[in-house]
Every structure is written in C-alpha cells, then in structure tokens.
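First the structure, in the form of structure tokens, and then the observations on it.
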There are 2 protein chains.
Amino acid sequence: MTIKVAIVEDVQEIRESFVSLINRARGVRCIVSYGTAEEALRGLSDVHVDVVLMDIELPGMSGIDCVRALKVKQPALECMMLTMFENEERVFQSLAAGASGYIVKRAASGKLIEAIKELHGGGSPMSPQIARQIVTAFRQPFSFPTAANSLTKREEEILSLLSKGYRYQEIADALFISVETVRTHIHRMYEKLHVRSRSEAIIKTLQHQ
Amino acid sequence: MTIKVAIVEDVQEIRESFVSLINRARGVRCIVSYGTAEEALRGLSDVHVDVVLMDIELPGMSGIDCVRALKVKQPALECMMLTMFENEERVFQSLAAGASGYIVKRAASGKLIEAIKELHGGGSPMSPQIARQIVTAFRQPFSFPTAANSLTKREEEILSLLSKGYRYQEIADALFISVETVRTHIHRMYEKLHVRSRSEAIIKTLQHQ
DNA sequence: GTATCAATCACACGAACGTTGTATTTTGGA
DNA sequence: TCCAAAATACAACGTTCGTGTGATTGATAC
C-alpha cells in the first residue's frame, strides 16, 4: 500500500524538488502540496493523506500551529517537521503540537524516503542530536536541579499558586510583587516546562505529583 | 484569649445590632465594622482579626468575592457568611471562595456567638439543611448518575477535551459544532462542577481521576 | 571585574475565555 | 403524544491571559 504524502513548504523550488524526490521513489506518493499553512488546513480537510511534511518557517501561520490544528481534526495524521536548524525550542513546540518526526532539510534528500516510511510505521525519525535533547528533557524535570529547565524558587512558588487557579492579580497580592513580575515569571516557566498556557502547566504539574 | 471579630454589612442598623450583640457577650469582641467589601479589603490589611462575618449581598463587590480576596492575603482568617437565604449556589460559591461558616441572618441572633466560637475553634457552623446540601454534593459527582450535578454525555465529552487544553475553537472543530455551543456547554458544566474557570475544572477533573 | 542569572517592573496588543441572555431543534421517556 | 431535558446556536461585552520587548538591580560565578 502506497503511503500518501502532502508537503507544506513556501519556497516553490524546494517544494517541487521534494515532490519529485518522493515521486521517484517506490512505496510513497506525494499527492498534494501547499505553499502556506492556511491552504494546507483548508485543503487537507478534503484530501486524505497518511503523512504531512511540514516546513516550520512559513509566512503567516507557522508550521507548528498548522500541525496543532491538523492533529485536532485528524489525530491519526502523521506529521514530520522540515526545518533549517535544530532549534531546541522548536523541537519541543513541534512535538507538543503533535508532530512525530523532525528532520533538517539538508539531511533530507538522502534520508527522506526512509524517514517517511519510519514515520508511517509508527516511528519517530529524527537526528541523534535531537533525540538526545528530548531524552534529556524527559529525564524528570524535578529530579535534576542542574537541568536546563529547572525552576527557580520563585517560579516554583508561583507555579504552585497558578496550579490552584489563582489569577495573576491574586498571585501578585499574595507575594507582594506586581502583576507584571508575575507575568514575567510565568512566561519563563512556560518556556522551561514547554507549555503554552496555564491549563497545560496545571496538567503537567498535577500529573508529575 | 478574646476572639477578635470584624463585620462587613451594608445596612447600618443591622451592622450595629450585630456589633452590640457581640460586644455584650464574653470571649468575643467586634473591633471593626465596614459597610462595603472594598472598605473591608483596605481596612483588614492593617487591622488583625480572627474572624470576619460577611454579608453576601453588598453594593459593589460581593461578600463572596471579598472573602476570596481576603483569603488570598490572609489564609488563616476565618470567614463566616451572613445571608438572608439558603441559596445552594451561594453556599458553594462561598465555600469555594474560602468561607468556613454560613448562617442565615434570622437564625443568627440566638446562635451567633456560639457560631463564632465554633468557627474559631476549627468548626464550620451552618444549618443542617446547608450541611446536607454539601454532603450530597460531595458524594462523588460521578458515581450517582441521577445526582443533580451529573454531566450529560456531551458535557463529559467536552470536559475531556477541555482538560487536555483544547481551545474552544478546537473543541468545536473536533465535535463538528459551533464555538457558541461549546461556550454554552462549558458554562453549564462550570455551574454543575462549582468551578469558575478552565483551570479549576482541570484541577477537579484530574484530582477525581 | 565583567558576564550571567534571578528577580523585579512596565506597557501594549491581540487572542482566549467567561458571562448573560435569548432562542430553536432534537430526543428520550412518561 | 406531549413534555422536559439536552443539544444546538448567536451575540455582545468585559476580563484574563499570553506574547513581545525592554529595562534595572543585586548576587554569583568565572
């Protein structure tokens, strides 16, 4: 059974070279391609594909947000990010958004077909460097105080109030600091925890004790 | 040791009658009284009291919101609501806001001093009718399908998505209904669960499995 | 002795959320 | 068959949140 693939990539030349690369191989077929996240969202609600190759840097809506939106409607859709750089934040954002694979473009040509097949087979193709970043991050955030994502005392304190449903103003009042400071702390916590909202922070906190 | 009491009540006559009632008794002393929630909030950050008697129906900020604000700053402060009616919603809102006692005004004169002492001693003075409402509500919401606060199928479904951090629009897309409908369902769920935000709903959901 | 980090504060903007109120359609029992 | 509950939908409004960007101060590390 041929794996049906879609590509979302804004630069026409790159897009076309990937399409032809895929269509020269056996077992995979690129049936549609889009230049923007918005087009992909519209198009992919009508066309069925198994795998989406998604550029991260897109004009308008980012590839990460596009994946997030696609996965809500089609949880079974497998998404692989195509990117120029191995940016740690981007990796986590992509995984959190629902992507399962993450490869850099320059490495793509040789490994792309293999990666698509791995992805479709339930794997998560990515470079060892990226894999290592993930393994490190998932090694309990709280048990290694020296880990890059460890929270400061103040942040822990605020997280605990945040997880009880306190509003920013209430946290500020309780700690005798300004709302803006609360905002700053929370913003940084979110980066460290790889979450994007209070809800996700609460979920992460409650599920890790 | 005399229990120091504050009263928040907008009607001057009632307020004064409570003050003198308290000050004629032994072991308790009303040291301040306020006509609005706002005054109480300002005043009670300077004056130390053990117990606050709080009217619910106040002009401007409600007594419930006042309690919520007070408890953030002074978690040890004991609050008892004074009210005209035994309204179920009000009871829960008050308890959720941090009040520990809840008595109706007409019953107050005879029982007030006793109630203040119970409250200060770690008890939760309230009428048997109110106590029953609470007991009923806390009898696992999910194990009695006939309970007044049981969620409908659709609501459960939406709660589950809500607890995963989905946005309203994403929930709407996933269930093929409009955002407005999602809004309506969530609003009703909040009433049934006695919560006021997504965060509290998540906390309640995750902590009851 | 100068980077780096933690903690603080500020402000503007748009997105997401919660409230209130109204109204229609569907559906499952009595 | 008729009613009540459930599900659906719309709208307008104010509040709360999250993001982006920038800045200052004190402590610690190198």
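Chain A is the first sequence line, chain B the second, and so forth, proteins listed ahead of strands; every chain is numbered from 1.
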- In whole angstroms, the gap separating C1' of C:dC9 from CG of A:Leu175 amounts to 15 Å
- What integer distance in Å separates A:Ile202:CD1 from D:dT16:C1'? 14 Å
- Would you kindly give the CD-to-P distance between B:Glu157 and D:dT8, to the nearest whole Å? 8 Å
- Query: If you check every side-chain atom of B:Ile177, which of C:dA16, C:dA7, D:dT8 has the closest atom?
  - Reply: D:dT8
- Item | Under 3.5 Å donor-acceptor, B:Ser160 side chain and B:Glu156 backbone | no
- Using salt bridge (charged side-chain N to carboxylate O under 4.0 Å, His left out) as the criterion, list what pairs up with B:Arg167, not counting sequence neighbours. none
- Task: Starting from P on C:dC5, measure out to CE on A:Met189 and report it in whole angstrom.
- Result: 19 Å
- Task: Rounded off to whole Å, could you give me the CD-to-C1' distance for the B:Glu156 and D:dA6 pair?
- Result: 14 Å
- Pairing residues for A:Arg15 by the side-chain hydrogen bond (donor to acceptor under 3.5 Å, both in side chains) criterion, not counting sequence neighbours: none
- Base, backbone or nothing for each nucleotide of nucleotides 18-26 of chain D, written B, S, -, heavy atoms under 4.0 angstrom, 5' to 3'? BB-------
- Round to a whole Å and report the spacing from CZ of A:Arg167 to P of C:dC17. 15 Å
- For A:Glu16, which residues count as a salt bridge (charged side-chain N to carboxylate O under 4.0 Å, His left out) partner, sequence neighbours excluded? none
- Query: Hey, does the side chain of A:Arg154 come within less than 4.0 Å of C:dA7's phosphate (OP1/OP2), counting only N and O?
  - Reply: no
Could you list the donor-acceptor pairs under 3.5 angstrom formed by side chains in residues 180-189 of chain B, with sequence neighbours left out?
from	atom 1	to	atom 2	distance (Å)
B:Glu180	OE1	B:Arg183	NE	3.4
B:Thr181	OG1	B:Ser178	OG	3.2
B:Thr184	OG1	B:Glu180	O	3.0

- Distance below 4.0 Å between A:His185 side-chain N/O and C:dT8 OP1 or OP2: yes
- With sequence neighbours excluded, residues passing side-chain contact (heavy atoms from CB on, under 4.5 Å) with B:Gln169: B:Ala172, B:Asp173, B:Val179
- Query: Going through the checks in order, is the side-chain contact (heavy atoms from CB on, under 4.5 Å) test met by A:Asp55 and A:Val8?
  - Reply: CA-CA 6 Å; A:Asp55 185 23; A:Val8 188; 5.8 Å; no
- Under 4.0 Å between a side-chain N/O of B:Thr181 and OP1 or OP2 of D:dA9, yes or no? yes
- In whole angstrom, give the distance that lies between atom CD1 of A:Ile171 and atom P of D:dT16. 13 Å
Donor-acceptor contacts, no H, no angles, side chain residues 41-53 of chain A, under 3.5 Å, sequence neighbours left out:
from	atom 1	to	atom 2	distance (Å)
A:Ser45	OG	A:Arg42	O	2.7
A:His48	NE2	A:Asp50	OD1	3.4
A:Asp50	OD2	A:Lys4	N	2.7

- Using side-chain contact (heavy atoms from CB on, under 4.5 Å) as the criterion, list what pairs up with A:Ser197, not counting sequence neighbours. A:Ser199, A:Glu200
- Item | Relative orientation of the end axes in the helix from C:dG1-D:dC30 to C:dA30-D:dT1, expressed as an angle to the nearest 10° (five pairs per end) | 60°
- Between D:dC10 (P) and B:Gln169 (CD): distance, integer Å: 11 Å
